Q: 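Here's a structure for you.
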Amino acid sequence: METASAYIEATPVSVWKVVNDIEGMGRFSPENTGGTWTSGTPGTVGAKFKGTNKHGLIRWSTHCTVVDVVDCRRFSFESDEPKARWTYVLEPSGTGTVLTETREIYATPALYVRMMSGSGLLGRGRDQLMQTGMETTLARIKAFLES
């Protein structure tokens, strides 16, 4: 499991609007390029979306379902390939918000393992790449909201 946190000098409502914006997440993530809602009410439990990603020349999509929403506090979704849960937790702190992003892998298909090792199509040391990517995402969200 990878986790990253950042203090953002912005209200939880402002931070929420960013983390709940699946279509716009590509503005901040070094790997995710955005997403498209495919069913359900966007941002609610049970809603589904297709996320798009790139790493170098490799591009792929993930099919995701929102699994937990507590308005302005927590937003979680699970991807189908690999089976993973991404969670954003917002905690008011002073005049700002601590935003924590977590990635938990539940099951790793053999193809995904091969892509992470050997040829390294998705990058060698994938867990460290994901950790660094989450830190970069949070730093970009922080810079955006504090500008």
Side-chain angles (χ1 to χ4, degrees), residues 1-37 42-45 47-109 111-117 119-147:
M1 176 169 67
E2 295 82 37
T3 298
S5 295
Y7 174 81
I8 302 171
E9 190 61 50
T11 66
V13 171
S14 297
V15 176
W16 180 256
K17 288 177 183 177
V18 172
V19 299
N20 198 26
D21 178 15
I22 294 301
E23 290 128 343
M25 189 54 76
R27 298 177 291 169
F28 309 108
S29 172
E31 192 165 274
N32 176 266
T33 60
T36 305
W37 293 103
T44 64
V45 172
K48 296 183 182 296
F49 66 92
K50 178 181 174 184
T52 55
N53 306 281
K54 70 176 178 70
H55 182 86
L57 298 175
I58 306 297
R59 295 181 182 278
W60 71 99
S61 297
T62 56
H63 297 91
C64 304
T65 303
V66 177
V67 296
D68 187 25
V69 177
V70 178
D71 195 35
C72 296
R73 303 284 300 185
R74 187 174 54 250
F75 180 72
S76 296
F77 62 87
E78 290 185 352
S79 63
D80 291 339
E81 50 303 295
K83 190 68 170 173
R85 178 179 285 207
W86 293 85
T87 300
Y88 297 89
V89 174
L90 294 72
E91 298 174 271
S93 178
T95 58
T97 305
V98 174
L99 175 60
T100 301
E101 180 179 11
T102 303
R103 170 186 170 251
E104 299 173 82
I105 297 288
Y106 295 119
T108 307
L111 175 61
Y112 184 77
V113 170
R114 283 195 303 274
M115 291 177 78
M116 291 187 300
S117 60
S119 66
L121 288 174
L122 290 179
R124 297 190 198 295
R126 184 76 177 147
D127 290 339
Q128 183 57 51
L129 281 173
M130 296 307 294
Q131 179 69 42
T132 301
M134 290 183 343
E135 292 166 3
T136 299
T137 298
L138 296 183
R140 289 175 179 172
I141 290 172
K142 175 181 175 68
F144 172 76
L145 287 170
E146 291 181 353
S147 65

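A quick note: this is a predicted structure, and the numbers were derived from the prediction, not measured.
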Q: Can you name the one residue among Thr52, Thr36, Thr33, Asn53 that meets side-chain contact (heavy atoms from CB on, under 4.5 Å) with Ser61?
A: Thr52
Q: Determine, step by step, whether Leu129 and His55 satisfy the side chain to side chain contact (heavy atoms under 4.5 Å, CB included) criterion, reporting the C-alpha distance in whole Å, the side-chain angles of both residues, the deciding distance to 0.1 Å, and the verdict.
A: CA-CA 10 Å; Leu129 281 173; His55 182 86; 3.9 Å; yes
Q: Charged N to carboxylate O under 4.0 angstrom, Glu104 versus Arg85?
A: no
Q: Can you list the residues that meet the salt bridge (charged side-chain N to carboxylate O under 4.0 Å, His left out) rule with Arg140, with sequence neighbours excluded?
A: none
Q: How long is the gap from NZ on Lys48 to SG on Cys64, to the nearest 0.5 Å?
A: 10.0 Å
Q: Would you check, one step at a time, whether the test side chain to side chain contact (heavy atoms under 4.5 Å, CB included) holds for Phe28 with Lys142?
A: CA-CA 10 Å; Phe28 309 108; Lys142 175 181 175 68; over 6 Å; no
Q: Do Thr11 side-chain atoms and Ser14 backbone N/O form a donor-acceptor pair below 3.5 Å?
A: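 Checking the backbone N and O of Ser14 against the side chain of Thr11, a donor-acceptor pair under 3.5 Å is found.
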Q: Ignoring hydrogens and geometry, is there a side-chain-to-backbone donor-acceptor pair from Thr97 to Ala10 under 3.5 Å?
A: yes
Q: Taking side chain as C-beta onward, heavy atoms only, is Val66 less than 4.5 Å from Trp37?
A: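 Yes - at least one pair of side-chain heavy atoms lies under 4.5 Å apart.
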Q: Could you tell me which residues satisfy salt bridge (charged side-chain N to carboxylate O under 4.0 Å, His left out) with Asp68, sequence neighbours excluded, listed by chain and number?
A: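 If we apply the salt bridge (charged side-chain N to carboxylate O under 4.0 Å, His left out) test to Asp68, skipping adjacent residues, the hits are Arg74.
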Q: Assess the residue pair Lys83 and Glu78 against the criterion (side chain to side chain contact (heavy atoms under 4.5 Å, CB included)); give the C-alpha distance rounded to whole Å, side-chain angles, the decisive distance to 0.1 Å, and a yes or no.
A: CA-CA 7 Å; Lys83 190 68 170 173; Glu78 290 185 352; 3.3 Å; yes
Q: Determine the minimum heavy-atom distance between Val69 and Val45, stating which atoms define it.
A: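 Closest approach of Val69 to Val45: N-CG2, 3.8 Å.
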Q: Who pairs with Glu101 by salt bridge (charged side-chain N to carboxylate O under 4.0 Å, His left out), at least two apart in sequence or on another chain?
A: none
